[in-house]
Student: 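Quick one: the structure is below, and I'll ask about it shortly.
Sequential numbering from 1 along the given sequence is applied to the chain's residues.
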Amino acid sequence: MFSTGQIIFAIGFAVVFAIVIIISYKKDFKLHQKYFKGVKWIGLFFVLFLVSLLCIKFLLKD
């Protein structure tokens, strides 16, 4: 389906992309701590909301 060159390129691209993302995250870590203090609580409540919707869906399925 894919040639050897395409597979090598995809693997190389994925590795380099991951390295760049990690370096960028480490570089901006202090800004993330400053500006995104309450984001974990919003994410937690969002996940709990989705889980509660799924529970209601399965309970009212009958």
Student: Listed by chain and number, what are the side-chain contact (heavy atoms from CB on, under 4.5 Å) partners of Leu44, not counting sequence neighbours?
Tutor: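 Listed in chain order: Trp41, Leu48.
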Student: List, by chain and number, the other hydrophobic cluster members for Val51, where Ile, Leu, Val, Met, Phe, Trp and Tyr join if side-chain heavy atoms come within less than 4.5 Å, directly or indirectly.
Tutor: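 For the cluster that includes Val51, the remaining residues are Val47.
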Student: Side-chain polar contacts of residues 5-32 - donor-acceptor pairs under 3.5 angstrom, sequence neighbours left out - could you list them?
Tutor:
residue : atom : partner : partner atom : Å
Gln6    : OE1  : Ser3    : N            : 3.0
Ser24   : OG   : Val20   : O            : 3.0

Student: Sequence neighbours excluded, which residues qualify as side-chain contact (heavy atoms from CB on, under 4.5 Å) partners of Ile42?
Tutor: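 Testing Ile42 for side-chain contact (heavy atoms from CB on, under 4.5 Å), a comparison that skips the adjacent residues, returns none.
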